[in-house]
There are 2 protein chains.
Amino acid sequence: MMIGEVAEKTGFSVHTLRYYEKIGLLPETLRDAGGRRVYGPDVLVWLEFVERLKQIGMPIRDRVRYAEMRAQGDSTISARRELLQTYRDDLAKRVASLSETLDVLDAKIATYETAAKCNGASR
Amino acid sequence: MMIGEVAEKTGFSVHTLRYYEKIGLLPETLRDAGGRRVYGPDVLVWLEFVERLKQIGMPIRDRVRYAEMRAQGDSTISARRELLQTYRDDLAKRVASLSETLDVLDAKIATYETAAKCNGASR
DNA sequence: CCTTGACCTAGAGTACACTCTATCACCTAG
DNA sequence: CTAGGTGATAGAGTGTACTCTAGGTCAAGG
């Protein structure tokens, strides 16, 4: 796979993919004779996971840290577990809080609908 | 209430509160004889809601837009409802996706624990 | 051959949302 | 009456995470 295809499949832009490689979030890839990056299919799985880490609000620095540990192999497993655990617990709280906000929004929207109806009826 | 007290009660910094006023996210407040802002208790309720809008990822521009509509009164109710509805629907999707990610993380953490145990047993 | 399009690098620029600095005014307690 | 704390303004600076530009290489199709 060339970089354009990876971009298309993952939703990251070509620029972003090169940027991710530069900061160490993606491993350095093989190059073809012309110096162009050639990716294996594994990168898609990894990028999908990175996208998840991004969506839970893990800052890029920690994503890089995680990527570096992953590259170092099994010796970093417990550190990786701890890192994920921290974000997992945080995420659980955030999901709870967001669910609550969902209810608040629904209530607010409901009052707006009532208000609109009353206006409509009275005029 | 002076600005410091509002900051303490809401968790926003004094700087941020003044910034919010400048961009229109907070209404201009009354001032005392010395030119200092004097807030009523309502501002706490509003700021709590603003905080929620922030946490669901509404960009500050839309928060300001919402604040401006609110200040304009009842004529903007349906526009406000629409704006909230958009973010509500988005939020519902995000909550679902984050719950999924929570499962992914739990699974990952579980495999790390298994890996650690196996290593531990073999050594 | 030459154009088109995908790729390359290094590095500058952007958007967002604050966050801080410098410098000043005012009030209260010691 | 002065020191400390809180308030004020305008505007500069920061951190995060991209995003884009300039200037170039390379392979394939017309």
Side-chain angles (χ1 to χ4, degrees), chain A residues 1-40 43-44 46-68 83 86-87 90 94, chain B residues 1-40 43-44 46-68 83 86-87 90 94:
Chain A
M1 262 186 304
M2 296 281 103
I3 200 169
E5 198 179 341
V6 176
E8 203 191 332
K9 284 187 177 159
T10 60
F12 290 106
S13 77
V14 170
H15 286 307
T16 301
L17 291 173
R18 286 196 282 249
Y19 165 68
Y20 277 1
E21 182 178 319
K22 190 162 68 179
I23 65 172
L25 192 49
L26 284 177
E28 297 197 6
T29 26
L30 294 170
R31 304 298 183 103
D32 69 7
R36 286 172 306 193
R37 293 170 181 81
V38 179
Y39 295 89
V43 80
L44 301 180
W46 170 239
L47 281 170
E48 195 192 340
F49 188 62
V50 167
E51 173 63 24
R52 278 194 190 277
L53 296 182
K54 177 182 165 182
Q55 273 170 1
I56 67 172
M58 185 188 282
I60 208 161
R61 216 174 316 146
D62 278 353
R63 267 141 55 205
V64 170
R65 213 152 69 77
Y66 183 83
E68 281 164 355
L83 187 60
T86 305
Y87 281 99
D90 214 69
R94 198 130 42 80
Chain B
M1 261 186 304
M2 297 281 101
I3 199 169
E5 197 179 341
V6 176
E8 203 192 331
K9 283 186 178 161
T10 61
F12 290 106
S13 78
V14 170
H15 287 307
T16 301
L17 292 173
R18 284 196 283 248
Y19 165 69
Y20 278 1
E21 182 177 318
K22 190 161 71 180
I23 64 172
L25 192 50
L26 284 177
E28 296 197 5
T29 24
L30 294 170
R31 304 299 182 102
D32 70 7
R36 288 172 306 195
R37 293 170 179 81
V38 179
Y39 296 89
V43 80
L44 300 179
W46 171 238
L47 281 170
E48 195 192 340
F49 187 62
V50 167
E51 173 64 24
R52 278 195 189 279
L53 295 182
K54 176 182 164 180
Q55 273 170 1
I56 67 173
M58 185 189 285
I60 207 162
R61 218 173 314 146
D62 278 353
R63 264 138 62 204
V64 170
R65 214 152 69 76
Y66 183 83
E68 282 165 354
L83 186 60
T86 305
Y87 281 100
D90 213 69
R94 198 129 43 79

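Keep in mind that what you see is a predicted model, and the values were worked out from it rather than measured. Just so we're on the same page: letters track the sequence lines, and every chain starts at 1.
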Kindly assign one of parallel, tilted or perpendicular to the pair B:Trp46 and B:Tyr66, based on the angle between their ring planes and the thresholds 30° and 60°. parallel

Are any non-hydrogen side-chain atoms of B:Leu26 and B:Phe12 less than 4.5 angstrom apart? no

Closest non-hydrogen contact found for B:Leu47 with B:Thr10 is CD1-CG2, 3.7 Å

Short side-chain N/O contact from A:Lys54 to OP1 or OP2 of D:dA17, under 4.0 Å: no

What's the CE-P distance between A:Met2 and C:dC7, to the nearest Å? 8 Å

Are side-chain heavy atoms of B:Val38 and B:Met2 found at a separation under 4.5 Å? yes

If you take all heavy atoms of B:Glu21 and B:Tyr39, which pair is closest and at what distance? OE1-OH, 4.0 Å

Rounded off to whole Å, could you give me the CE-to-P distance for the A:Met58 and D:dT16 pair? 15 Å

Nearest heavy-atom neighbours spanning A:Arg63 and A:Met58: NH1-O, 2.8 Å

Do the side-chain N or O atoms of A:Arg18 get closer than 4.0 angstrom to the phosphate oxygens (OP1, OP2) of C:dC8? yes

N/O (side chain, A:Arg63) to phosphate O (OP1/OP2, D:dC18) under 4.0 Å: yes

Where A:Ser13 and A:Thr16 come nearest, the two heavy atoms and their spacing: OG-OG1, 2.8 Å

In whole Å, what is the span from the CD atom of B:Glu5 to the P atom of D:dG7? 9 Å

Specify the closest pair of heavy atoms between A:Leu25 and A:Ala67, including all atoms of both residues, with the distance to one decimal. O-CB, 3.9 Å

Less than 4.5 Å apart, any side-chain heavy atom of B:Arg31 and any of B:Arg37? yes

B:Arg37 side chain N/O closer than 4.0 Å to the phosphate oxygens (OP1, OP2) of D:dT9? yes

Residue whose nearest DNA chain C nucleotide is more 5′ - B:Ile60 or B:Arg36: B:Ile60

Just the rounded figure in Å: distance from P of D:dG5 to CD1 of B:Ile3. 19 Å

Taking only nitrogen or oxygen atoms into account, show me every contact under 3.5 Å that the protein makes with nucleotides 22-24 of chain C, one pair per line with its distance.
none

Which whole-number value in Å describes the distance from B:Leu17 CG to D:dT9 C1'? 16 Å

Could you tell me the separation between the CZ atom of A:Phe12 and the C1' atom of D:dA17, rounded to a whole number of Å? 12 Å

A:Pro59 has its side chain closest, among C:dT19, D:dA17, D:dC18, to D:dA17

Residues in residues 19-35 of chain A with a heavy atom under 4.0 Å of DNA chain D, by number, are A:Tyr19, A:Tyr20

